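Structure, as structure tokens:
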2 protein chains.
Amino acid sequence: MARSPKSAGKGRKLSNFLCFAIYSANLAFGRAYKPLLDKVGLTYTQYIALVALSDEDEQTVSALGEKLFLESNTLTPILKKLEQMGLIKRHRDPADERQVRLSLTPAGRKLIEQDLGESLIEATGLGDDFPVVQKTVSRLRDNLLRATNIDG
Amino acid sequence: MARSPKSAGKGRKLSNFLCFAIYSANLAFGRAYKPLLDKVGLTYTQYIALVALSDEDEQTVSALGEKLFLESNTLTPILKKLEQMGLIKRHRDPADERQVRLSLTPAGRKLIEQDLGESLIEATGLGDDFPVVQKTVSRLRDNLLRATNIDG
DNA sequence: CCCATATAAATCGTATCCGATTAAATCGGA
DNA sequence: TCCGATTTAATCGGATACGATTTATATGGG
């Protein structure tokens, strides 16, 4: 919850914390997606996982985790649910039985191709700044993770 | 997970989704704070709640919820934990027994005044852009919530 | 005064996150 | 070859989020 360097003295206010802006913006995105995702019976995280899986067939759980910044403890239950819903297939890699390979089913691919959330671009109110903000926040994330892993 | 308007055709890639940038940046902040907060025995959300409580004494749960964009279903367990740790006091308002009033204890205030997370400002790698990004993301959040509540 | 309505907080069930541990499979050096 | 170290998922427990419901209190019209 690092604060703005500007507010040095007393103002320990939430509104000056970048981490709170990110935290609350994440909640807001989840709520904005909710009505859209309810229609197809997906949660926010399930949808993000599906998008990442649409990128490439036969990914392992670890590879998916690297894209999503998550690990098997979080992903395994979500992936089992997606499989149970008929949106993905999971199977052990015959060449290395430790790994589980993941692929979208036709139903899963069809769902992703609907481009849910396209309608939310306008709701961000960012206009032409949209790609700039996206890149800035991604860089912020990468910087934080790098700093955390070096001296954490 | 609204995508950049630029990537119209095939690129349904996670890296083009603003909501994923926010989602993953939030995870990154949580991980960056973890070692700092572990030292004082707090979780990320508990810390955010404490900062919001330091703003004003005798807030109600609802008022705190408006600042944090959370409701009593999420806050009550967190507040009970903070009380149990001796960092806040909770008591029913005698003038309206439905409401619970919240205040930091001296221990709670002392903890907040340590300015944990100050060290993370540099880790964001944003430099002078820090306050700009903070305001942009806050505006994004407010726009999303407004759009969600109007036609959601 | 009485009760229907409204409001505030708490409770409950489901779905994430995450640290720590476990189980199974693979790998590598003696 | 054999066994310890490593790797990959999965499991488990604690702490959020959140929709839906419940409980307790307050309010207002008749």
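Note that the structure is predicted; figures quoted are calculated from it, not measured. Just so we're on the same page: letters track the sequence lines, and every chain starts at 1.
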Item to complete: Identify whether any heavy atom of B:R101 sits under 4.0 Å from a base atom; if not, whether one sits that close to sugar-phosphate; answer base, sugar-phosphate or nothing.
Response: nothing
Discussion item. Is A:T43 close enough to C:dT16 that one of its side-chain N or O atoms is under 4.0 Å from OP1 or OP2 there?
Written reply: yes
Practice prompt. Map A:Q46 and B:L75 onto DNA chain C by nearest heavy atom, then report which one ends up closer to the 5' terminus.
Written response: B:L75
Worksheet item: When the nearest nucleotide of DNA chain C is assigned to A:N73 and to A:A95 on a heavy-atom basis, which residue is associated with the more 5' position?
Response: A:N73
Worksheet item: For DNA chain D, whose closest nucleotide is more 5', that of B:D96 or that of A:D96?
Response: A:D96
Discussion item. Between A:E56 and B:K13, does any NZ, NE, NH1 or NH2 come within less than 4.0 Å of an OD or OE carboxylate oxygen?
Written reply: no
Worksheet item: Taking 4.0 angstrom as the limit, do A:D142 and A:R146 come out as a salt bridge?
Response: no
Worksheet item: Which of parallel (below 30°), tilted (30 to 60°) and perpendicular (above 60°) describes B:Y44 and A:Y23?
Response: perpendicular
Discussion item. Between the base of D:dA10 and the side chain of A:S72, is there a donor and acceptor pair under 3.5 angstrom?
Written reply: yes
Worksheet item: Given D:dT22, is OP1 or OP2 found less than 4.0 Å from the side-chain N or O atoms of B:R98?
Response: no
Worksheet entry | Strand partner of D:dG4, provided both Watson-Crick or wobble distances fall under 3.5 Å | C:dC27
Fill in: Distance test, side-chain N/O of A:Q99 to OP1/OP2 of C:dA24, below 4.0 Å
no
Worksheet entry | Nearest-Å distance for atom pair CG/C1', residues A:L102 and D:dA9 | 11 Å
Worksheet item: Do any side-chain nitrogens or oxygens of A:T74 fall under 4.0 Å of OP1 or OP2 in C:dC17?
Response: no
Item to complete: Check every atom of C:dT7, D:dA10, C:dA10 against the side chain of A:V100 and return the nucleotide holding the closest atom.
Response: D:dA10
Practice prompt. Select base, sugar-phosphate, or nothing to describe what A:E71 touches, counting heavy atoms under 4.0 Å on all strands.
Written response: nothing
Worksheet entry | Selected nucleotide, minimal atom distance to B:R92 side chain, candidates D:dC18, C:dA9, C:dC17 | C:dA9
Worksheet item: Within the structure shown, what part of the strands sits under 4.0 Å from A:L70 by heavy-atom distance: base, sugar-phosphate, or nothing?
Response: sugar-phosphate
Worksheet item: So, does the side chain of B:S62 form a donor-acceptor pair with the base of C:dA8 at under 3.5 Å?
Response: no
Worksheet item: Going by distance alone, is a donor N or O of one side chain under 3.5 Å from an acceptor N or O of the other, for B:S62 and B:E66?
Response: no
Worksheet item: Could B:D57 and B:K89 be called an ion pair, given the rule that one side-chain N must be under 4.0 Å from one carboxylate O?
Response: no
Worksheet item: So does B:E83 pair up with B:R90, basic N to acidic O under 4.0 Å?
Response: yes
Worksheet item: Do any side-chain nitrogens or oxygens of B:Y23 fall under 4.0 Å of OP1 or OP2 in C:dC17?
Response: yes
Worksheet entry | Spacing between B:Q59 atom CD and C:dA9 atom C1', to the nearest angstrom | 16 Å
Response to the item:
B:L27 CG to D:dA15 C1', in whole Å, measures 15 Å
Fill in: From B:D55, B:V51, B:L53, residue fulfilling side-chain contact (heavy atoms from CB on, under 4.5 Å) relative to B:I112
B:V51
Worksheet item: Between C:dA9 atom P and B:H91 atom NE2, what is the distance in whole Å?
Response: 12 Å
Worksheet item: Does OP1 or OP2 of C:dC17 have a side-chain N or O of A:T45 closer than 4.0 Å?
Response: yes
Worksheet, complete the sentence: Per nearest nucleotide of DNA chain D, the residue lying toward the 5' end, B:F69 or B:K81, is B:K81
Worksheet item: Starting at CD1 of A:I78 and ending at P of D:dT11, how long is that distance when rounded to a whole Å?
Response: 14 Å
Response to the item:
Rounded to whole Å, OH of B:Y47 lies from C1' of D:dA15 at a distance of 19 Å
Worksheet item: Which whole-number value in Å describes the distance from A:K80 NZ to D:dA9 P?
Response: 13 Å
Worksheet, complete the sentence: Here the distance between atom C1' of C:dA8 and atom CG of B:D93, to the nearest Å, is 11 Å
Worksheet item: According to a strict under-4.0 Å criterion, is A:T76 in side-chain N/O contact with OP1 or OP2 of D:dT11?
Response: no
